[in-house]
Amino acid sequence: MPTYQAPRGMRDLLPAEAAAFDALQAVIQARALRYGYPRLGTPIVEDAQVFLRAVGETSDVATKEMLEVSLHGAGGLVLRPEGTAAVTRAYLEHGLHRSPQPQRFFYFEPMFRGQRPQLLRYRQFWQWGLECYGAAEPGADLEQIEFTAALLAEVGLTEYTLKVNTVGETAAQPKIRQALKEYFERYRAELDDDCKARLDSNVLRIFDCKNPNDRKIAQGAPKLRDLVSDADKTHFAAVVDGLDRLGVAYEVDERLARGFDYYTRTVFECHLTNPAFTKAGEIAVAGGGRYDGLVRTMGGPDTAGVGIAGGVDVLYYALKEQGVAVAEEPRADVYVLSAQSDDGADRLQLAGPLREAGFSVAIDYSTRSLERQLESAVKHGAKVAVIRGTPEARGGNVIVRDLAKKVQRVTRLAAVVVEVGRHVPKRPKPRLESGPNPDEHEPGAAGEGPYLGDGEKE
RNA sequence: GCGGCGUUAGCCUAGUGGUUAAGGCUCCAGAUUGUGGAUCUGGCGACACGAGUUCGAGUCUCGUACGCCGCCCCA
């Protein structure tokens, strides 16, 4: 009787999907580390003001789409709706703005939104993200865009397009909004109700309108690129030029504007292009941009910043749609069976050395017939059965049976680990500390010079 | 948050006012505890929840929850 259900828009990650998420996190986090972005964790709950300040109090996120948390009746806390504001809060709270700049961070966390769920828009969703503080140069923008392109290529996502645009520096934004407002104000009577509202709330969003007539009006609007400052133009030109040189495919989309107020200059998004997703409008698998005014808005010094966030759920389903195998539900490779009854501890003792050696081992504790136990082992996906039969147990032996090849041999207890190793691989054991990288080539093989200490001359 | 459409067992499906709600898959247990995915036999298990209409509701009406789609918005 399904009396209890997961809350609306939230779902369980069953082992297969959880394994896929783990695999995605491992790939993304390893790349982040390679780019010099260590992971930073922030609480799932934050003071609502953190986000209200950052994203702009008028945006919809602020007004109605955050999930509030009640703590003994006191309000003011919300479930984290996005990463950038939270990471920025941590950056300032811990004085990281007084550490050598730039500071780079990676995160991989669940986020929450309050709207009704739709295709790939859950109330709890996972995002990975990068933040870089204290680098105003276009190279920092490029770094993150290149990261994303390389990441998506690594995991095998091909059905997407990268769009880039510039929305101008902080100082230029009021002027830009003013110019657009003046333009659209002339057509106010012709705009549909939604766009009339956008005219007052967020003019930039009129460019996203689906109404054909409004689109026509929007085509004649002043171009963002003409409205931004000369410095903005130089910055954007450097980004675009860099993408060309790096061989990253992109489109300049004059209409691209992101939802949060904190974006300045470069904005970018990766949109899915598979029809299964475009039918639901534009779904972004990653997106981000520069936020040169955010740190100051949050109470810190004038600090440039740039960030990107990607949807893990979106990426996972997009890969599935493309037929990319992500990860399988992990199964125990080895099953321990026994014909003896009440020998649970013996079965555990049998499994122990195998587990310590790195094999994944599950145990059948039942007293069912060997036939049943073998059937169960196969159904659970085991590749090898270690069978404790009566005569073998008496002689200190077990049977190691390869369930796929249907071959087996009697093995001394001391040799079980070696014998099992002939049929299935060990799982990598994680370590608490990582050691130094081994040198992968002979010294001098790449034509490098000898090591010299300070003061030595070649 | 607004609107439309849905919800029968773990999964898929039948059942449009009248016995005890049917079937397939899965799962569990057996087919005399030494060798497996098959087969056979048996078993567990559902009308999302709550009201209402009716002699009688899985079936009609309303509300709630959840899902899908659209809108708003997009992280």
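Per chain, numbering begins at 1; letters A, B, ... match sequence-line order. Below, each value reflects all heavy atoms present in this structure, side chains not excepted, and no hydrogens, waters or symmetry copies.
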Under 4.0 Å between any heavy atoms, over every strand shown, what does [X] touch: base, sugar-phosphate, or nothing? Just pick one.
| X | answer |
| --- | --- |
| A/Thr367 | base |
| A/Thr390 | base |
| A/Ile399 | base |
| A/Gln340 | nothing |
| A/Gln373 | nothing |
| A/Gly83 | nothing |

Could you check whether the side chain of [X] and the base of [N] have a donor-acceptor pair of N or O atoms closer than 3.5 Å, going by distance alone?
| X | N | value |
| --- | --- | --- |
| A/Arg116 | B/G3 | yes |
| A/Gln118 | B/C69 | no |
| A/Arg121 | B/C73 | yes |
| A/Arg372 | B/G36 | no |
| A/Arg368 | B/U33 | no |

Whole-Å gap separating [atom2] ([N]) and [atom1] ([X]):
| X | N | atom1 | atom2 | result |
| --- | --- | --- | --- | --- |
| A/Gln5 | B/G67 | CD | C1' | 9 Å |
| A/Phe277 | B/C69 | CZ | P | 11 Å |
| A/Phe112 | B/C73 | CZ | P | 24 Å |
| A/Ile283 | B/G70 | CD1 | C1' | 14 Å |
| A/Arg113 | B/G1 | CZ | C1' | 15 Å |
| A/Met10 | B/G67 | CE | C1' | 15 Å |
| A/Gln127 | B/C74 | CD | P | 15 Å |
| A/Glu371 | B/G37 | CD | C1' | 11 Å |

Heavy-atom check, side chain of A/Tyr133 versus side chain of A/Thr88, under 4.5 Å: yes
Do A/Tyr91 and A/Phe105 come close enough that some side-chain heavy atom pair is under 4.5 Å? yes
Between [N] and [M], how far is it from one [atom1] atom to the other, in whole Å?
| N | M | atom1 | value |
| --- | --- | --- | --- |
| B/G45 | B/A9 | C1' | 5 Å |
| B/A65 | B/G42 | C1' | 38 Å |
| B/G52 | B/G17 | C1' | 16 Å |
| B/C11 | B/A46 | C1' | 12 Å |
| B/A14 | B/C72 | C1' | 40 Å |
| B/C28 | B/G50 | P | 31 Å |
| B/U8 | B/C68 | P | 15 Å |
| B/C44 | B/A29 | P | 15 Å |

Cationic tip of A/Arg113 within the cone over A/Phe125's six-membered ring, i.e. under 6.0 Å and within 45° of the normal? yes
Is there a Watson-Crick or G-U wobble partner for [N] with both distances under 3.5 Å, and which nucleotide is it?
| N | result |
| --- | --- |
| B/C28 | B/G42 |
| B/C62 | B/G50 |
| B/U16 | none |
| B/G1 | B/C71 |
| B/G36 | none |

Of the nucleotides [options], which has the atom closest to the [X] side chain?
| X | options | value |
| --- | --- | --- |
| A/Ser369 | B/G36, B/U33, B/A65 | B/U33 |
| A/Leu119 | B/U33, B/C69, B/G67 | B/C69 |
| A/Lys379 | B/C27, B/A75, B/C73 | B/C27 |
| A/Glu82 | B/A75, B/G37, B/U35 | B/A75 |
| A/Lys406 | B/G36, B/G30, B/C69 | B/G36 |
| A/Glu375 | B/C72, B/G30, B/A38 | B/A38 |

Assess the side chains of [X] and [Y]: does a donor N or O sit below 3.5 Å from an acceptor N or O?
| X | Y | value |
| --- | --- | --- |
| A/Tyr291 | A/Glu131 | yes |
| A/Arg89 | A/Thr42 | no |
| A/Asp141 | A/His235 | yes |
| A/Asp232 | A/Thr166 | no |
| A/Tyr160 | A/Glu269 | no |

By nearest nucleotide on RNA chain B, pick out whichever of A/Ser338 and A/Tyr122 is the more 5' one. A/Ser338
Can you work out whether A/His380 or A/Arg80 has the more 5'-proximal nearest nucleotide on RNA chain B? A/His380
Looking at A/Phe147 versus A/Trp128, is the centre-to-centre ring distance below 6.0 Å? yes
Are any of A/Arg8's side-chain N or O atoms less than 4.0 Å away from OP1 or OP2 of B/C66? yes
